[in-house]
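Values in this document were obtained by computation on a predicted structure and should not be read as measured data. Lettering of chains follows the sequences in order, A, B, ..., and the numbering in each one begins at 1.
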Amino acid sequence: MDLDSRVPSGPLAEKWDAHRFALKLVNPANKRGYRILVVGSGLAGASAAATLAELGYEVDCFCFQDSPRRAHSIAAQGGINAAKNYQNDGDSVFRLFYDTVKGGDFRSREANVYRLAQVSVNIIDQCVAQGVPFAREYGGTLANRSFGGAQVSRTFYARGQTGQQLLLGAYSSLNRQIARGKVHMHNRTEMLDLVLVDGHARGLITRDLLTGEIKRWAGDAVVMATGGYGNVFYLSTNAKGCNVTATFRAFKRGAGFANPCFTQIHPTCIPVSGDYQSKLTLMSESLRNDGRVWVPRNKEDVAKAPGDIAESDRYYYLEERYPSFGNLVPRDVASRAAKKVCDDGFGVGHVVEGRRNAVYLDFADAIKRDGRDMVADKYGNLFDMYERISGESPYKQPMRIYPAVHYTMGGLWVDYNLMSTIPGLHVLGEANFSDHGANRLGASALMQGLADGYFVIPYTIGNYLVTAHKGEVTTDHPAFDETQSAVEAKQAKLVALDGATPVDAFHRELGLIMWEYCGMARTAEGLKTALVKIPELRERFWKEARVHGGGDTLNASLEKAGRVADFLEFAEVMVRDALERDESCGGHFREEHQTPDGEAVRHDETYAHAAVWEFKGEGETPVRHTEPMAFEHVKLSTRSYK
Amino acid sequence: MARSAVWTSTIGLKVAMAASGLGMVGFVLFHMAGNLQVFAGRDVFNAYAHFLQSLGGLLWIARLGLIGMVALHIWAATKLALRNYAARPQGYASLKSRRTGVYAKTMLYTGIVVLAYIGYHIAHLTLGVAHPEYFNALDELGRKDVYTNFVISFSNPIIAGTYVIANVALAAHLAHATTSVFRSLGLSVGRFKQPLQMVGPAVGLIVAVGNTSMPIACWLGVLSV
Amino acid sequence: MRVTFKVWRENDEVRGFRSYAIEANEHMSFLEALDVVNEMIIREHEKYPEGPIAFDHDCREGICGMCSMVIDGHPHGPRQATTTCQLHMRSFGDGDEILVEPWRARAFPVIKDLVVDRTAFDTIQQAGGYVSVGTGAAPDANALPIGKTVADEAFDYAACIGCGACVAACPNASGMLFVGAKVVHLAILPQGNVERSQRVSAMVAAHDEAGFGGCTNHEECEAACPKEISVDAIAKLNVELMRAAVRS
């Protein structure tokens, strides 16, 4: 597997400039002769589709929702980082780069991250020009806040709905290109396979979710911006439709899958209330700026009302264990700390399956200090959301929170040009692996999605088209017949599932396995258990699951079955990756590798690399390759938030 | 959108209804104020009527203006109503309202009642067709004795009752319409919203009390020949 | 708690209401309760030949705007400022019969059961719901000061999630609140000011073309909007259009 990162040589700060100059340009008149297939319409997909169309390419864009505006980027709450240094507090491109590499626990590619920090400033300009209503100061300048443990205020935000506003900005640019006829939008259309011609990604097989029609699309390059695979855990903060199908099927066609075990658990989500739970709702990390996290000091208090527990009987475990960062420690640290206190029997809230899995996030001090109005101004919509879901008011009693799966740092391997190991297949946003290493910092996902879409792929794809692309291909090519037949066979197999158990039941069971053995803390023994349980579950799925109704109509159970079938295979790759990575780093915590007080221990000499998995055929064990990660500008060090 | 298309868009039609409606609200209030002089007695009332009739050409301009407004209002209302009806071919088994008051809900019906009433009212007191008995009587100064015609007509409980019902419908129509005018014309926003929202019900109440007081007074014999 | 869902079914097998009784839990979200119904239908598929209920949903956290059902006579259900996915069963009582219907509007044809086609909303946005700025053409973000109150007001209108509850609640199935929210969001910001005349004309034309009704100021849209967007949007939209007509 060719894992050449194609990072240009030269000083870090000049790499991107030099690379842009070195990239071949497509003659403006020739651009309209190229057709780019963009899968996904979230921040990365919509921004890429719109920008490529602006440049003159013909673009087909696909999304499975009823409108591109529904992509799950819409749900991001907190904000977007940019090295603008508007607050004059010492931020810079290098500091954002440094924080991101360090926050990612030294498992990301320096050059990519530096570029990300560089273009972050352009993103804010672009979004403001589109009319994104960022928060502002009375003087009319943009407001910033510190976010997710950063010691500078570099996060731009639009109340608690930053993702929504950024996505609607990208959606508006996309709409402009749709109206111009440069982007052909295909809603309610799901990508089911990638078509390779002479080893290059040259087309897609899709299913029209309303009519069931299986269609083929030919293009000159494919851009996948299909999001993360957090729903492998069934319960996550992802939308119900988020899935691994597009990336997994590309994996099966030869794209390397990097670091699948790097999953991020977000510390502040509303806890599970019962076994019917279908999804978890995130409460923005910004809440930790003012909320204090605690549990009772005594186990006999866990069932008491929080107001009845005296101040001296409250254990503010983050403040005590991490005096300098306190409640603002990075996500992985905060999550594990919550798990630990709950595992030790200090959890509060509903009893689900014999356990209380929640901690308090308390605003009483903030309300006392700043007044209810000021707290409401900052967090009002989040408090309302909490109240709607839990039936309790955070103004009157502490929130109950618990970590939940939120983001997946792993994804398809890409080089500096965002191209996967399949020539012509470019991967953007959460779907790729490149920028967040083993742990993503708060407010960095929106930055990466838009950086990839607005400011990276528009340059790098041209170079591919000029240098590597191999001439015109139509859907009459035999590769399309072959791939379509394979897709149709798979669909037929799914439609034929006529057991009695709903597909969701298997998904839920898979989620329990993954959460138990491949969740916040992992052990070799547990992972090996998962490698036994997953194939068993998969076997039961193909025997006992039921897909109700045919393939020629809107059929949610068929859609789900396809996605769950892929999760059932993908989960194994993920567990294997977690087992092979015999160290703790970022979102991947192996209990065997920790300090006596429970901090993660990395093994840089063996694992300072991206693990890239190659598909070797159905039923075969995938093969692990590595791309070494060199750290020339940020010294490898142990993260310490004490 | 071409400039002409703006005026036939849903918003253009609504603005046309608001503008013509506002003119008619003004007329209704002015007309009511004039008529309330009936309580000042025969001489004042007949003098007022004589003054209006002596306006000649001006009166016709006002009448044509009114006819124009009515026509525009009805045309726009019909177009919008048909459009709105077509916009939901299949209804709900249940759709509950949270805001819509009874006045807003019955606009079309009160509008039709008001239209019929205008026809009857013109036939009755302008053309003298509906009840011609007293229409051409003169008072001692040789002016048209509008006062007698007015008071005798309304001492008939059927005529008085018809007017009362029609004016209650008119008042209900105006209660939603006048508020709606300010919204349609974009004035009712922000801090002006609350006060302007009160204008409709206030106009409705004034019209209901003012316009029904006259036939009721005649019918009860408070006003007599 | 025991509840019965009386759900509109529309597919090859059936067209009309069907009832499904389940045991629910007050902490369940409304959609989780519908999941329970669907699992029951699949497990007992011989009893329910009409198959599971098709309904749109995705984020389940009140922001994607995908859910499209009228519950007991109210779009998104009885709780104000709440999308269907954040409505919880504690809003209902033991033994309740809950009526569930799709959005009803000519511009939103029913595709299947509770799923409707809202392409018309995209079409309206494509007509002009954007600022024509290409990637890379933007000046520095702080070069254009915008007062906090203006920015906050723009946000209030920009918060629309495009669910269509305004249309569903409107006695005329009008989409004016949706159109107004985008027109006003962009018109009050300096970035959107340049194209405001073309934008409002084109978006209103697209709205009318799609077969939505007109506004008669009943304000049901504002009451139904899960993001509580003010009907001021419609008043300001009217002014925008008149301004455009006078100036064009």
> salt bridge (Lys or Arg N to Asp or Glu O under 4.0 Å) between C:E39 and A:R508: does it pass, once the steps are laid out?
Replying inline: CA-CA 13 Å; C:E39 295 213 357; A:R508 211 174 277 136; 3.2 Å; yes
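- Neither the backbone nor the side chain of A:Q177 comes within contact range of chain C, judged by heavy atoms closer than 4.5 Å.
- Taking every heavy atom of both residues into account, C:A141 and A:K84 meet most closely at N-NZ, 4.2 Å.
- Options C:E44, C:M28, C:K112 differ in how many heavy-atom pairs under 4.5 Å they form with chain A, and the most are formed by C:M28.
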Side-chain donor-acceptor pairs of residues 186-197 of chain C under 3.5 Å, sequence neighbours excluded:
unit_1, atom_1, unit_2, atom_2, d
C:Q191, NE2, A:V128, O, 2.6
C:N193, OD1, C:R196, NH1, 2.8
C:E195, OE1, C:S132, N, 2.8
C:E195, OE2, C:S132, OG, 2.5
C:R196, NE, C:E240, OE1, 3.2
C:R196, NE, C:E240, OE2, 3.4
C:R196, NH2, C:E240, OE2, 2.4

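- For A:Q77, the part lying under 4.5 angstrom from a heavy atom of chain C is the side chain only.
- Within the 3.5 Å criterion, the main-chain N or O of A:V132 finds no donor-acceptor partner in the side chain of C:H185.
- If you measure heavy-atom distances from A:S278 to chain C, the contacts under 4.5 Å come from both the backbone and the side chain.
- At a 4.5 Å heavy-atom cutoff, A:N122 makes no contact with chain C through either its backbone or its side chain.
- With hydrogens and angles ignored, the 3.5 Å screen pairs no side-chain donor or acceptor of A:R136 with any backbone N or O of C:V150.
- In terms of heavy-atom pairs under 4.5 angstrom with chain C, the leader among A:A50, A:A179, A:G549, A:A158 is A:A158.
- For A:Y171, the part lying near chain C is the side chain, with the backbone staying farther off; criterion is any non-hydrogen pair under 4.5 Å.
- Contacts of C:A154 with chain A are made by both backbone and side-chain atoms, with heavy-atom separations under 4.5 Å.
- A salt bridge links A:K279 with C:E61: at least one charged nitrogen is closer than 4.0 Å to a carboxylate oxygen.
- In terms of heavy-atom pairs under 4.5 angstrom with chain A, the leader among C:G62, C:A151, C:A33, C:A143 is C:A151.
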> Stepwise, does the salt bridge (Lys or Arg N to Asp or Glu O under 4.0 Å) test hold for A:R70 with C:D58?
Replying inline: CA-CA 8 Å; A:R70 317 259 187 236; C:D58 199 22; over 6 Å; no
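- Using a 4.0 Å cut-off between charged side-chain N and carboxylate O, A:R69 and C:D122 make no salt bridge.
- Heavy atoms only, all atoms of each residue included: C:I42 and A:S557 are closest at CD1-CB, 4.4 Å.
- C:T135 and A:E54 are linked by a side-chain donor-acceptor pair at a separation below 3.5 angstrom, with hydrogens and angles left out of the test.
- The closest side-chain heavy-atom distance from C:I161 to A:Q161 is not below 4.5 Å.
- With chain A as the partner, the residue from C:G51, C:P145, C:S91, C:P52 showing the most heavy-atom pairs under 4.5 Å is C:P145.
- With a 4.5 angstrom heavy-atom cutoff, A:Q164 touches chain C only via side-chain atoms.
- The contact between C:D56 and chain A is made entirely by side chain atoms (from C-beta outward), counting heavy-atom distances below 4.5 Å.
- Looking only at heavy-atom pairs under 4.5 Å with chain A, the residue among C:S29, C:C85, C:G128, C:G136 that has the most is C:G136.
- Both the backbone and the side chain of C:N142 have a heavy atom closer than 4.5 Å to some heavy atom of chain A.
- Between chain A and the residues C:V131, C:D140, C:T149, C:L144, the most heavy-atom pairs under 4.5 angstrom are made by C:D140.
- Ranking C:L31, C:I41, C:T82 against chain A, the residue ahead of the rest is C:T82, based on heavy-atom pairs under 4.5 Å.
- Between the side chains of A:R388 and C:H88, no donor N or O sits under 3.5 Å from an acceptor N or O.
- Contact annotation for C:H57: only side-chain heavy atoms (C-beta onward) come within less than 4.5 Å of a heavy atom of chain A.
- Using a 4.5 Å cut-off between heavy atoms, C:R90 contacts chain A through its side chain alone, with no backbone atom that close.
- Only the backbone of C:A137 comes within contact range of chain A, judged by heavy atoms closer than 4.5 Å.
- The parts of A:I124 that come within reach of chain C are both its backbone and its side chain, each placing non-hydrogen atoms under 4.5 angstrom from that chain.
- Using a 4.5 Å cut-off between heavy atoms, A:I178 touches chain C through its side chain atoms alone.
- For the residue pair A:S67 and C:R118, no side-chain donor N or O sits within less than 3.5 Å of a side-chain acceptor on the partner.
- No donor-acceptor pair closer than 3.5 Å links the side chain of A:Q165 to the backbone N or O of C:F155.
- Rounding to the nearest 0.5 angstrom, the gap separating the CG atom in A:D384 from the CD atom in C:Q86 is 10.0 Å.
- Contact of A:T51 with chain C is made through backbone and side chain together, with heavy-atom distances under 4.5 Å.
- The part of A:S390 that comes within reach of chain C is its backbone (N, CA, C, O), which places non-hydrogen atoms under 4.5 angstrom from that chain.
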